[in-house]
Amino acid sequence: MKLILLGPPGAGKGTLAESLSKKLNLPILSTGNILRDAVTNETQLGKKAKAFMDAGKLVTDDLIIALMDEKLSKCDGFILDGFPRTIAQAEALDKICDIDIALSLDIDDEVIIKRMTGRRTCPKCGMTYHLEHNPPKSKDICDKCSSELIIRSDDNEKVVIDRLETYHKQTKPLKDYYINKLKSLDAALSIDVILNNAIEMIKI
Ligand code: AMP
């Protein structure tokens with residue numbers, strides 16, 4: 001199955017991707033995680049991407065499309081978290097393969113701004129947590145790989161507002177692009193309910 005997750009930053013795409021990946025036994029391809037690794041490892045890609053990411057802007061389409069072209073050619077099925085994010089990226093994806101379903105996580109901006117200040121991320125494996133809604137079992141420690149959790153540098157309020165603006169301008173139009181494959185989820189609900197609703201929509 002080829003599934004994409006749409007939705008604003010902080011809607012819970014990463015968390016849903018993790019749960020669905022376990023249920024469906026599908027790999028996750030998260031452009032955000034790939035780019036953050038590239039920044040940490042100071043690769044060519046990371047050096048080019050860093051300034052865009054720090055400013056809450058999108059990394060250029062040519063870089064992202066080249067990256068995903070290579071990754072997707074190796075996978076039969078996947079969950080895409082954070083790609084595509086522009087119409088140009090969606091058109092490039094169409095040339096690589098057919099998507100089965102686009103799940104859209106819908107939530108108001110105000111709720112996201114509140115949420116993102118409570119977000120904690122594992123710098124090693126990319127798992128995300130929330131202090132209130134999805135806390136790790138031990139304070140500030142990743143359940144999956146035991147690394148110390150961090151606050152992402154782009155999770156501060158100013159950058160979150162910029163990222164939301166970028167989302168509305170460049171990524172939200174994808175909901176119309178995928179209108180025939182789109183299923184919408186209320187992302188303000190609890191993680192368990194969102195997961196159940198998603199599974200119902202995918203009908204496994
Ligand atoms: P995310 O973790 O998905 O919120 O991504 C973090 C940041 O990485 C975004 O704010 C963008 O700067 C960059 N990024 C991730 N995915 C993409 C993409 N598909 N196209 C362009 N930039 C991206």
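As the structure lists them, so they are numbered: ligands from 1, and atoms in each ligand from 1. Bear in mind the structure is a predicted one, so any value in this text is a computation, not a measurement. When reading the values below, keep in mind they use all heavy atoms of this one structure, side chains included, and skip hydrogens, waters and symmetry mates.
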Full working for side-chain hydrogen bond (donor to acceptor under 3.5 Å, both in side chains) between Asp106 and Ser104:
CA-CA 6 Å; Asp106 296 344; Ser104 169; 2.6 Å; yes

Going through the distances and angles, do Thr60 and Asp62 end up as a side-chain hydrogen bond (donor to acceptor under 3.5 Å, both in side chains)?
CA-CA 6 Å; Thr60 54; Asp62 54 340; 2.8 Å; yes

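Each of Leu103, Leu182, Asp81 was evaluated against Leu6; a single residue qualifies, Leu182, per the side chain to side chain contact (heavy atoms under 4.5 Å, CB included) test.
Asp155 CG to Met116 CE: the interatomic distance, rounded to the nearest 0.5 Å, is 4.5 Å.
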Please produce the table of protein N or O atoms sitting under 3.5 Å from N or O atoms belonging to ligand 1, one pair a line, distance to 0.1 Å.
| residue | atom | partner | partner atom | Å |
| --- | --- | --- | --- | --- |
| ligand 1 | 2 (O) | Arg36 | NH1 | 3.0 |
| ligand 1 | 2 (O) | Arg36 | NH2 | 3.0 |
| ligand 1 | 2 (O) | Arg152 | NH1 | 3.2 |
| ligand 1 | 2 (O) | Arg152 | NH2 | 3.4 |
| ligand 1 | 3 (O) | Arg85 | NH1 | 2.9 |
| ligand 1 | 3 (O) | Arg85 | NH2 | 3.2 |
| ligand 1 | 4 (O) | Arg85 | NH2 | 3.1 |
| ligand 1 | 4 (O) | Arg163 | NH2 | 2.7 |
| ligand 1 | 12 (O) | Lys57 | O | 2.6 |
| ligand 1 | 16 (N) | Thr31 | OG1 | 2.8 |
| ligand 1 | 16 (N) | Gly82 | O | 3.4 |
| ligand 1 | 16 (N) | Arg85 | NH1 | 3.0 |
| ligand 1 | 19 (N) | Gly82 | O | 2.8 |
| ligand 1 | 19 (N) | Gln89 | OE1 | 3.0 |
| ligand 1 | 20 (N) | Gln89 | NE2 | 2.9 |
| ligand 1 | 22 (N) | Val59 | N | 3.0 |

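Within 6.0 Å of CG in Asn25 there are 12 or fewer heavy atoms belonging to other residues, nucleotides or ligands.
Salt-bridge annotation for Lys114 and Asp108: absent, with no side-chain N of the basic residue lying under 4.0 Å from a carboxylate O of the acidic one.
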